[in-house]
> 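Before anything else, here's the structure in question.
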Amino acid sequence: MHQLSDKEKAERDAALKDLSNVTGDFDESLENIANADLMGLRDTGISIQDNNGNNGNGKKNQKQDKKPEFPTFKYSSRFRGALHEAVFLNDEPVFLTYQNGQLKTVKQIEEVNRILTPPCIEEYPYDPIEFKSSEEIKEYEQRAKKQTIDTLFRNTLSTVSLYVDQDKEIQILISGDILWTYFQDLFPTTHYYDVIGRENGIGKSTIGYMFEGIAYRTVRMTDPSAANLYRVLGKIEAGQCTIVADEADRIHEDRYMMAILKEGYAIGGKVPKINMNTGKQEWFYSYCFKIRIAEDPLSPHMARGLIDRIFVMKAIKGKPLHDIKEVLHPANRDETLEKLHNGLRSLRKLLLVYRLIHFDDPIVNRDVGLEGRDKELCKPLLQLFHGSEAYDEIKTALMSFLEKKNKRKKNTSIDPVLYEIAINLVSTHGEKIYNSAIWQAIQDNILGADIDPKKPNEYQSYEYDTIYRKKALQIIEGFGAEPDRDHHGRFLKFDLHTLARTCKQFDIDVSLQTKLDNAITTKLQRHIVTPSRPKNDVNITEMVKQIKKSQKNPFKVVIKKPVTV
């Protein structure tokens, strides 16, 4: 190995010293540049954090602890706290609330893990409710305290009559439901409207515009999608608004929309969706009063469950005193139109303040003489008007629409006919009926075209459109049968006890009731006991008679056509 001389060592040490000086100056320069950049970033308001959450000054970053903010139109802490309604006061978004006997405004609602704020004007899908001053709020508070449910109904009815020239029962029901929308989140269920008519200019959309004018936070959309609905209804609290779906002829073709509509008639209804940004599942509310406006009614085949939640209004051409569209948006600022426009806005503000004042009032729970789905659709509105002078008017109009709904259901639904077929098969062949025999009986007793050999599981009936074998068997299975199979094929095993109870859904012909009684009596005589009935329950015939006597359905549809198997 080469040994360095003393001279070479001295030269090496001098070179290392010079290099050290240069490196030190370079490190110092880098540090100065970094410090200068850091100060510049701080001056612009950008927060710099280390691994411990410090911002460079040894302090925790305050932005890290900031609660997320969510806009909402109304909030009542899931109906356990004071109601807050989003309004505009002198062009500023605020919450209006009624506490300690008076109205007051708050800018936000702060909770443990979030802050709720009133929406800005850009976030409103409808014209917001606006007050010019605190004095105007006080004025409406004094007016609302003098109102009753009857005076508000009369005011609403007289307003509706100016713009909706339809039958009186339609005007009454619309007026009652407009008032009811302001309390929809206090009731468990609601009915819907299906406003139909093929001709132009007959007033279909007028009903939707009427709700937009004075009902509770009405959002009117043209041919909306499912995403449109659950985005508007949000995740904060149920019943955020009222929905009007105009030109919604194809709504029954969207399975996501159908799911929202079927689930959204009950206040607990929610729709799950995956947030594509976070990958987390989120739940959106679907409950509120809804109106569909279209040329044709919903398809019984595609919207079977939804039709049962709807009151149909067939619009006819009329001559209203004023055009609601001109009044809602007076382009020429005509004096008469301006006065009518201000009247609509004033009524809407009065109804909102009345809601705030009476939100915590008790609701009378009373028997309205209805059961099942009929009760779900009618009881909430009858409860709201319980004890009022308008109660009888509301009930008469409501029962008229309910009768039409039930008659339409029984005239267009295949269920009563399938129930008749099931009774005849059971009375003739016993509780065990093969699927092939059921499918053949359907073809023999429902008029239709011959089955296409290429589509043996589809039957094109003249009255009920295409009947699918699988769907028909599922309906019959719901009458009290369990699917099973043996070496001969698949069959349904009927529980006569359940089949007898199912007759409460239909008013069947006396001859069919006799066949059902005989089938149950024959089974009893053979000492065959189903698992769903204890062995000591032997008085089955008497039980069937009691079920029939307890039927309260006043709308009788008798199936007179005999069934041959």
> Give a yes or no on whether the backbone of K132 and the side-chain of E136 come within a donor-acceptor separation of less than 3.5 Å.
yes
> Do K107 and E92 sit within salt-bridge range, that is, some charged N less than 4.0 Å from a carboxylate O?
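Between E92 and K107 there is a salt bridge, with a charged N closer than 4.0 Å to a carboxylate O.
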> Of E212, R217, R220, which meets side chain to side chain donor-acceptor pair (under 3.5 Å) against Y126?
R217
> A quick test of your reading: do over 12 heavy atoms of other residues, nucleotides or ligands sit less than 6.0 Å from NZ of K67?
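Yes, the 6.0 Å shell around NZ holds more than 12 heavy atoms from other groups.
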> Does a donor on one side chain sit under 3.5 Å from an acceptor on the other, for T222 and D246?
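Note: T222 and D246 side chains miss the donor-acceptor criterion.
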> Would a line drawn from the ring center of F385 to the ring center of Y391 be shorter than 6.0 Å?
no
> Return yes if a side-chain donor-acceptor contact under 3.5 Å exists between R309 and H191, otherwise no.
no
> Just checking K404: does its NZ atom have more than 12 heavy atoms from other residues, nucleotides or ligands closer to it than 6.0 angstrom?
yes
> Quick one: pull up CH2 in W180 and CG in L186 and give me the separation to the nearest 0.5 Å.
9.5 Å
> Got a donor-acceptor contact below 3.5 angstrom from the S76 side chain to the G81 backbone?
no
> Which is it for Y193 and F289 under the ring pair (Phe, Tyr, Trp, His ring centres under 6.0 Å) test, yes or no, and what are the steps along the way?
CA-CA 9 Å; Y193 288 172; F289 186 88; 5.1 Å; yes
> Can you find a side-chain donor-acceptor pair between S346 and Y140 that sits under 3.5 Å?
yes
> Under a 4.0 Å N-O cut-off, is there an ion pair linking K319 with D165?
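Result for this pair is no, no salt bridge flagged.
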> With a cut-off of under 6.0 Å to the ring centre and 45° to the axis, is K405 in cation-pi contact with F311?
no
> For K104, does the NZ atom have more than 12 heavy-atom neighbours from other residues, nucleotides or ligands under 6.0 Å away?
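12 or below, so no.
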> Between Y75 and E111, does a side-chain hydrogen bond (donor to acceptor under 3.5 Å, both in side chains) hold up when you go through it step by step?
CA-CA 12 Å; Y75 187 64; E111 296 184 323; 2.5 Å; yes
> May I ask you to decide whether K379 forms a salt bridge with D374, counting only side-chain N to carboxylate O separations under 4.0 Å?
no
> Does the side chain of Q166 reach to within under 4.5 Å of the side chain of M313, using non-hydrogen atoms?
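Side-chain contact under 4.5 Å: no.
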> Heavy-atom distance under 4.5 Å between the side chains of I316 and D167, does that happen here?
yes
> Quick one, D323 with Y163, criterion side chain to side chain contact (heavy atoms under 4.5 Å, CB included). Give me CA distance, side-chain angles, the key distance, then yes/no.
CA-CA 6 Å; D323 188 333; Y163 307 101; over 6 Å; no
> Drop me the distance from Y464's OH to D415's CG, to the nearest 0.5 angstrom.
9.5 Å
> Got a donor-acceptor contact below 3.5 angstrom from the D249 side chain to the E295 backbone?
yes
> State whether the side chain of T148 and the backbone N or O of T151 hold a donor-acceptor pair below 3.5 Å, judged by distance alone.
yes
> As a test of understanding, state which of F131, Y124, F95 forms a ring pair (Phe, Tyr, Trp, His ring centres under 6.0 Å) with F88.
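Among F131, Y124, F95, the one that satisfies the ring pair (Phe, Tyr, Trp, His ring centres under 6.0 Å) with F88 is Y124.
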> Can you tell if the side chain of N365 reaches within under 4.5 Å of the side chain of Q383, non-hydrogen atoms only?
yes
> Are there more than 12 heavy atoms of other residues, nucleotides or ligands under 6.0 Å from atom CD of Q474?
yes
> Calculate, to the nearest 0.5 Å, the distance between atoms CG and CZ belonging to L384 and F153 respectively.
11.0 Å
> Would you give the length of the straight line joining atom CG of N155 to atom CG of L350, rounded to the nearest 0.5 angstrom?
7.0 Å
> Check each of E237, H84, E85 against K74 using the side chain to side chain donor-acceptor pair (under 3.5 Å) test, and report the only one that passes.
E237
> Judged by atom type as modelled, is there a donor-acceptor pair below 3.5 Å linking the side chain of Y98 to the main-chain atoms of G101?
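Looks like yes, one N/O pair under 3.5 Å.
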> Side-chain contact test, heavy atoms from C-beta onward, threshold under 4.5 Å: evaluate it for I196 versus R292 and give yes or no.
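Sidechains of R292 and I196: in contact.
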> Would the distance check show the side chain of T189 and the main-chain N or O of A266 forming a donor-acceptor pair, the cut-off being under 3.5 Å?
no
> Can K273 be said to sit on top of Y256's aromatic six-ring, NZ or CZ under 6.0 Å from centre and within 45° of the ring axis?
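K273 over Y256 ring: yes.
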> Salt bridge or not between E335 and K339? Use side-chain N to carboxylate O under 4.0 Å.
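Salt bridge between E335 and K339, a charged N being under 4.0 Å from a carboxylate O: no.
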> Under a plain distance cut-off of 3.5 Å, with no hydrogens placed, do E169 and S400 share a side-chain donor-acceptor pair?
yes
> Taking 4.0 angstrom as the limit, do R78 and D185 come out as a salt bridge?
no
> Nearest 0.5 Å, please: how far is CG in L152 from OG in S175?
11.5 Å
> What I want to check is whether the side chains of Y287 and E263 have a donor and an acceptor closer together than 3.5 Å.
no
> Which residue in the set K204, R250, R198 passes salt bridge (charged side-chain N to carboxylate O under 4.0 Å, His left out) when paired with D296?
R198
> For L157, is there any backbone N or O sitting under 3.5 Å from a side-chain donor or acceptor partner on Q171?
no
